[in-house]
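One structure below.
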Amino acid sequence: MPDMTTTHVANGAEPMIRLQGLTKVFPGQARPAVDSLDMDIAAGEIVILVGPSGCGKTTTMRLINRLIEPTSGRIILEGEDVTSVNPDKLRRRIGYVIQQVGLFPHQTISDNIATVPKMLGWDRKRIRSRVDELLAMVGLDPSTYRDRYPKHLSGGQRQRAGVARALSADPPVMLMDEPFGAIDPITRDRLQNEFLRLQETIRKTIVFVTHDIDEAIKMGDRIAILREGSQIAQYDTPAHILSAPADDFVADFVGSGASLKRLNLSRVRDVELVQWPTAGVSSSRSEVMAALRASDKGAVLVLDEARRPARWLAGQDLAREDLPLGELGHPAEAIVQPHVSLGDALNEMLKSRVGCAIVVDESGAYLGTVDFATVSGEIQALRRDARERSRAQLEVMHPAGIGDA
Amino acid sequence: MTLVDYLADQGDRLFGLTIEHAMIVLISVALSTIIGVTIGVLTYATATPRRISLAITGVFLTIPSFALFGLLVPILGLGTRSAVVALVMYGLLPIVRNTVTGLRIVDPAIIESGQGMGMGSFRLLFRIKLPLAWPVIITGIRVAAVITVGIAAIAAVINGPGLGKDIFRALARFGTPTSVPQTLSAILGIIIIAVLIDLAFVFIARLTTSRGIRA
């Protein structure tokens with residue numbers, strides 16, 4: 001049987017963060033909060049630490065920047081052992097974002113963001129241009145927000161300022177402790193999307209703590225599901241965790257509806273679109289009829305001049321001579337864009353009378369549709385992947401032939 | 001003799017005494033602030049030292065002023081020195097207590113984020129904790145100042161400076177025509193000092209508190 005720790009350790013390139021036998025025993029507690037944790041975190045990835053409350057995920061994160069000093073074990077950052085370097089200097093190399101944000105209320109947004117650059121002794125000009133650059137990066141207009149105080153900002157804006165502050169000295173690593181936990185669901189969704197887009201350009205190594213498995217699936221390149229004592233139950237990509245949970249603990253934690261969650265990882269642009277017959281809004285009735293006869297579908301999608309979906313027309317609708325094509329049938333609903341997840345598309349198509357979601361491009365022009373068959377095909381493909389994967393694991397653990405020899 | 005006549009007659013002398021009175025108050029409060037804030041900073045974080053410092057400064061405030069002045073004279077002699085020491089002792093409790101409270105109510109998330117960015121304990125104290133606690137601390141200083149204005153009058157029993165002198169003189173000449181206006185004018189001076197100091201503190205507090213945390 002292979003050493004199980006290898007599953008927690010990335011192959012190939014040197015990890016950005018390597019935790020070795022990391023242990024924390026709080027005084028007066030019999031059991032360690034973090035028990036001999038080995039973990040590699042690859043450069044440029046968002047790694048989510050997720051688990052039930054009390055599993056030690058936040059403690060683990062605070063051990064990395066030594067807000068909590070480890071009892072034993074080592075922390076290696078960019079190949080350098082930082083277990084006993086000056087903690088303040090170490091922390092200036094690691095961005096830190098917490099749920100309550102913790103902006104300094106007596107300082108302007110600009111002074112808040114300048115905290116670490118000032119400690120590092122940057123000159124004023126450099127600090128000023130960096131602050132403006134960061135504000136723009138997180139979507140806060142510099143001229144409006146630079147001189148405001150935290151109390152003048154909404155919760156979402158404060159969180160963005162907090163992210164800008166964590167990024168100020170361009171640290172390679174960021175630690176984020178439930179950064180979107182205190183924000184209303186709609187704003188949270190938007191901030192999550194913005195953050196993912198930002199990460200595409202900044203490519204930081206991010207350790208992200210949450211207790212919300214859905215957030216973990218959405219935000220993570222890799223998820224570490226932790227059980228008590230910060231023991232890794234599974235450390236894998238969201239797709240693999242959903243399709244092949246390592247054990248009952250992981251399966252329970254991921255919860256019911258893993259297939260549905262898995263659908264949220266696939267995008268509409270990743271699947272083959274189903275084409276329906278279409279007709280322009282100014283077509284003649286005979287042209288529409290011909291298009292309908294030429295396909296095996298029961299309806300025609302009428303597009304307006306800009307090729308935007310307008311109406312669904314069934315054969316019997318054409319019998320009505322008194323209305324123009326643009327007013328026959330029923331309106332085209334359930335319209336989605338290619339970046340939408342299959343889960344969301346499924347949600348839309350449940351509302352549609354035709355049973356499919358219409359896919360349009362940025363300008364709203366028709367591209368094709370996604371229907372139930374597409375979705376169930378995708379689910380079957382995922383299941384097949386999962387089966388093959390677990391079979392492959394079985395092969396590694398019990399190679400055929402060796403037992404018989 | 002009416003109060004108005006008395007004021008017209010003795011105006012210059014009363015003005016001098018008022019300035020003297022205000023000066024001893026300001027000097028005492030300045031010393032109380034330096035000592036009190038230092039004690040607060042050193043003791044706020046740990047329970048036992050914090051309780052001890054609050055208990056001792058609390059006891060100071062309960063000693064009757066006559067008695068305290070009497071106790072200090074054998075050590076420091078008559079005059080300004082004993083008066084200032086006594087007034088500093090009276091001013092400590094509100095300042096120590098408000099420093100401790102102000103520092104303890106700083107949001108832990110703010111401190112955590114400061115630590116997380118690599119601020120050392122000195123920087124955290126002077127850049128974050130004290131500025132955030134300042135509105136509470138300066139309220140304590142203001143209370144100390146107002147208490148001291150009143151007690152400073154009693155300092156005249158040990159030959160201290162200020163308007164108290166006139167109160168004791170009037171008391172000694174009780175029954176003479178000027179004794180009542182003399183007492184009233186001294187009280188008036190003390191009230192004016194107290195009101196002016198109070199207003200000055202409102203102004204200073206506004207000026208020295210960041211716009212981001214002003215109410």
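Naming convention: chains lettered A, B, ... in sequence-line order (proteins, then strands); numbering from 1 in each chain.
Of the atoms belonging to A/Leu103, it is backbone heavy atoms, and not side-chain ones, that fall under 4.5 Å from chain B. Only the backbone of A/Ile94 has a heavy atom closer than 4.5 Å to any heavy atom of chain B. Of the atoms belonging to A/Arg62, it is side-chain heavy atoms, and not backbone ones, that fall under 4.5 Å from chain B. For A/Pro105, the parts lying under 4.5 angstrom from a heavy atom of chain B are both the backbone and the side chain. Interface remark: A/Val97 contributes no atoms to any contact with chain B (heavy atom separation under 4.5 Å).
Heavy atoms only, all atoms of each residue included: A/Thr115 and B/Met119 are closest at CG2-CE, 4.1 Å. Between B/Ile128 and A/Gln107, the shortest heavy-atom contact is CD1-NE2, 4.2 Å. Annotation for B/Pro131 and A/His106: closest pair CB-CD2, 3.5 Å, computed over non-hydrogen atoms. Residue B/Gly114 comes nearest to A/Phe104 through the heavy atom pair CA-CZ, 3.8 Å, listed as atom of the first residue, atom of the second, then distance.
Residues A/Ser168 and B/Met117 have side chains not in contact (no heavy-atom distance under 4.5 Å, counting atoms from C-beta outward). Between A/Tyr96 and B/Glu112 the shortest side-chain heavy-atom distance falls below 4.5 Å. A heavy-atom distance below 4.5 Å is found between the side chains of A/Tyr149 and B/Ser210.
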Verdict with supporting geometry, A/Gln100 and B/Ile110, side-chain contact (heavy atoms from CB on, under 4.5 Å): CA-CA 8 Å; A/Gln100 309 88 328; B/Ile110 293 169; over 6 Å; no

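The structure places NZ of A/Lys118 at 10.0 Å from CZ of B/Arg123, a figure rounded to the nearest 0.5 Å.
Atom CG of B/Asp12 sits in a sparse spot, with 12 or fewer heavy atoms from other residues, nucleotides or ligands closer than 6.0 Å. For B/Ile75, the CD1 atom sits in a packed shell: over 12 heavy atoms of surrounding residues, nucleotides or ligands are nearer than 6.0 Å. Remark: B/Arg211 CZ is loosely packed, at most 12 non-hydrogen atoms of other residues, nucleotides or ligands lying under 6.0 Å away. Counting non-hydrogen atoms of neighbouring residues, nucleotides and ligands closer than 6.0 angstrom, the CZ atom of A/Arg92 exceeds 12 such neighbours. Sparse packing is recorded around CZ of B/Arg51, with 12 or fewer heavy atoms of other residues, nucleotides or ligands lying under 6.0 Å away.
If you tally non-hydrogen atom pairs under 4.5 Å between each of A/Gly102, A/Ala169, A/Pro171, A/Gly162 and chain B, the highest count goes to A/Gly102. Chosen from A/Lys151, A/Arg148, A/Met119, the residue pairing most often with chain B at heavy-atom distances under 4.5 Å is A/Met119.
Here the rule is side-chain contact (heavy atoms from CB on, under 4.5 Å) with B/Ser113, and of A/Asn112, A/Val101, A/Ile98 only A/Ile98 fits it.
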